[in-house]
J.: 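What follows is a structure written as structure tokens; I'll ask about it next.
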Protein chains: 2
Amino acid sequence: MQSPNTRPGRLGRPPRLSREAILVAAQRVLDEEGAEYLSMRRLARELSSTPMALYHHVRDKDELLMLLLDAYVRRIPRPDFPDHPRERVVAGAQALHDILEDCPWGVEVLASDRFVSTSATWIVESIVDALVLCGLSPGDAVYAYRVIWCCLVGELTARPFRARTTPSADERRRGLEAVIDGLLSQNTA
Amino acid sequence: MQSPNTRPGRLGRPPRLSREAILVAAQRVLDEEGAEYLSMRRLARELSSTPMALYHHVRDKDELLMLLLDAYVRRIPRPDFPDHPRERVVAGAQALHDILEDCPWGVEVLASDRFVSTSATWIVESIVDALVLCGLSPGDAVYAYRVIWCCLVGELTARPFRARTTPSADERRRGLEAVIDGLLSQNTA
DNA sequence: ACCTGAACACCGTTCAAGT
DNA sequence: ACCTGAACACCGTTCAAGT
């Protein structure tokens, strides 16, 4: 129950903030108000602190978002995927979609540069592995994964769309399967 | 050669700005500095005017972007597409991709709501029609178009990606064809 | 070491006034 | 009718100072 700000033998002022506390508060703002309201200034207010205090625990806003996404992904339970390779690709892509759907701000963070976290590698690797088991060469598998990833990003980014009806989960799955099957059958061509 | 600000019989102060002039200046900023520098304030400076003068000719920044994209699309020459339906789908998607690649800020405008311009309908319709000619039902064709559109948006949004090598035009085409063939063959399933 | 306050260089937009 | 200036309510970030 040793609180960090009472730890003895440390020089200087005891910290009032911590990376942990900042991330918790940021997640709260994200949940309660949405990503468009998460600013360094808003976050400082949430913590009854000043914007600049944050910069002592986090390099900049981009790093903060990266850390938030990282923590979010880490909280996700690792589902066990089906044995059949094709089903595994579909399930993996579906999982990736679901993760990002619950975390719309994350798409932007991932789509932009900088994010090099390894906390989501398992799912990427699981998809690529399954693609190889489906018969694709490693190079083709990576590329096929890339196409799948682009479709997911597009699906999540191009939200409203001209057809005002959001597609049902079933429709989405059919679309996803079509894309995956197309990528798989290109191998044999 | 009748300049609008000398047109007789009009009441009030002659206009110094016009929607046309604003769009031209905005396009110049876009070309020379990039979309991230196009602000109402920057644009007003470009026109030696004040930010608020712009709001007399344009409802807000979103409308400005919409008008810019509209003008951009209108300038594109209408290519003639191949006869074979499948090739037509591929060519249409390719064209859509190329248009947006030269116009990265447009992706965001299109991905967000509001844009209801009809200046790009011809290309969308051409793709949907070709999909129907390929044997898809009208409903399936619209949905297939949606999937293709999402892939394009994703491809353009998820720019850098973990594989640091940007795919070649050939690779991209292969990916696109795989997606399209997947969508087409789902029909017969 | 950790935090504060003021400042810099921006945003989009509203409101009241000027010609 | 068209434009201006000041103001509102924001941004992310740097810099110098305080304890």
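Convention: sequence-line order gives letters A, B, ...; per-chain numbering from 1. Predicted model, so just to flag it, every value in this text is computed and none were measured. Just the heavy atoms: all of them, side chains too, but no hydrogens, waters or symmetry mates, feed the values below.
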J.: Distances for protein N/O vs nucleotides 9-12 of chain D N/O pairs under 3.5 angstrom?
T.:
residue : atom : partner : partner atom : Å
D/dC11  : OP1  : A/Ser39 : OG           : 2.7
D/dC11  : O5'  : A/Ser39 : OG           : 3.3
D/dC11  : N4   : A/Arg41 : NH1          : 3.4
D/dC11  : N4   : A/Arg41 : NH2          : 3.4
D/dG12  : OP1  : A/Met40 : N            : 3.4
D/dG12  : OP1  : A/Lys61 : NZ           : 3.0
D/dG12  : OP2  : A/Met40 : N            : 3.0
D/dG12  : N7   : A/Arg41 : NH1          : 2.4
D/dG12  : O6   : A/Arg41 : NH1          : 2.8

J.: From C-beta outward on A/Leu17, which listed nucleotide comes closest to its side chain: D/dC3, C/dC3, D/dT4?
T.: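 Given the options D/dC3, C/dC3, D/dT4, the side chain of A/Leu17 is closest to C/dC3.
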J.: Expressed as a whole number of angstroms, how long is the span from B/Arg16:CZ to D/dC2:C1'?
T.: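 Taking CZ of B/Arg16 and C1' of D/dC2, I get 10 Å after rounding.
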J.: I'd like to check A/Val89 versus A/Leu184 (side-chain heavy atoms, cut-off strictly below 4.5 Å). Are they in contact?
T.: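 Answer no - side chains too far apart.
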J.: In whole angstrom, give me the gap between the P atoms of C/dC10 and D/dA9.
T.: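 To the nearest whole Å, 22 Å.
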J.: Quick one: closest heavy-atom pair of A/Tyr72 and A/Ile99, and the distance?
T.: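 Heavy atoms only, the tightest pair is OH-O, 3.6 Å.
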J.: Just verifying a value: how many Å separate B/Leu30 CG and B/Leu38 CG, rounded to the nearest 0.5 Å?
T.: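 Going from CG on B/Leu30 over to CG on B/Leu38, the span is 5.5 Å.
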J.: Given that both distances must come in under 3.5 Å, which nucleotide forms a Watson-Crick or G-U wobble pair with D/dA16?
T.: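 Its partner is C/dT4.
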J.: Could you walk me through whether B/Glu125 and B/Trp122 pass the side chain to side chain contact (heavy atoms under 4.5 Å, CB included) test, one step at a time?
T.: CA-CA 5 Å; B/Glu125 239 134 61; B/Trp122 59 271; 5.8 Å; no
J.: Say we look at D/dA16 and C/dC3: how far apart would their C1' atoms be, to the nearest angstrom?
T.: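 Taking atom C1' in both D/dA16 and C/dC3, they lie 13 Å apart.
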J.: Looking at B/His56, I'd like to know whether one of its side-chain N or O atoms comes within less than 4.0 Å of OP1 or OP2 on D/dT4.
T.: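 For B/His56, the contact criterion (side-chain N or O under 4.0 Å from OP1 or OP2 of D/dT4) is not met.
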J.: Hey, is CG on A/Asp102 packed in by over 12 heavy atoms from elsewhere, all under 6.0 Å?
T.: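 Count over threshold, so yes.
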J.: Show the numbers, then the answer: is there a salt bridge (Lys or Arg N to Asp or Glu O under 4.0 Å) between A/Arg146 and B/Glu171?
T.: CA-CA 11 Å; A/Arg146 201 196 115 89; B/Glu171 268 183 310; over 6 Å; no
J.: Which nucleotide, in any strand shown, forms a Watson-Crick or G-U wobble pair with D/dC10, with both distances under 3.5 Å?
T.: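 Checking every strand shown, D/dC10 finds no partner, since no pair has both distances under 3.5 Å.
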J.: The side chain of A/Met52 lies closest to which of these nucleotides: C/dC2, D/dT13, C/dT13?
T.: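 Closest nucleotide to the A/Met52 side chain: D/dT13.
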J.: To the nearest Å, how far apart are B/Arg59 CZ and C/dT14 P?
T.: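 In whole Å, C/dT14 P and B/Arg59 CZ are 10 Å from each other.
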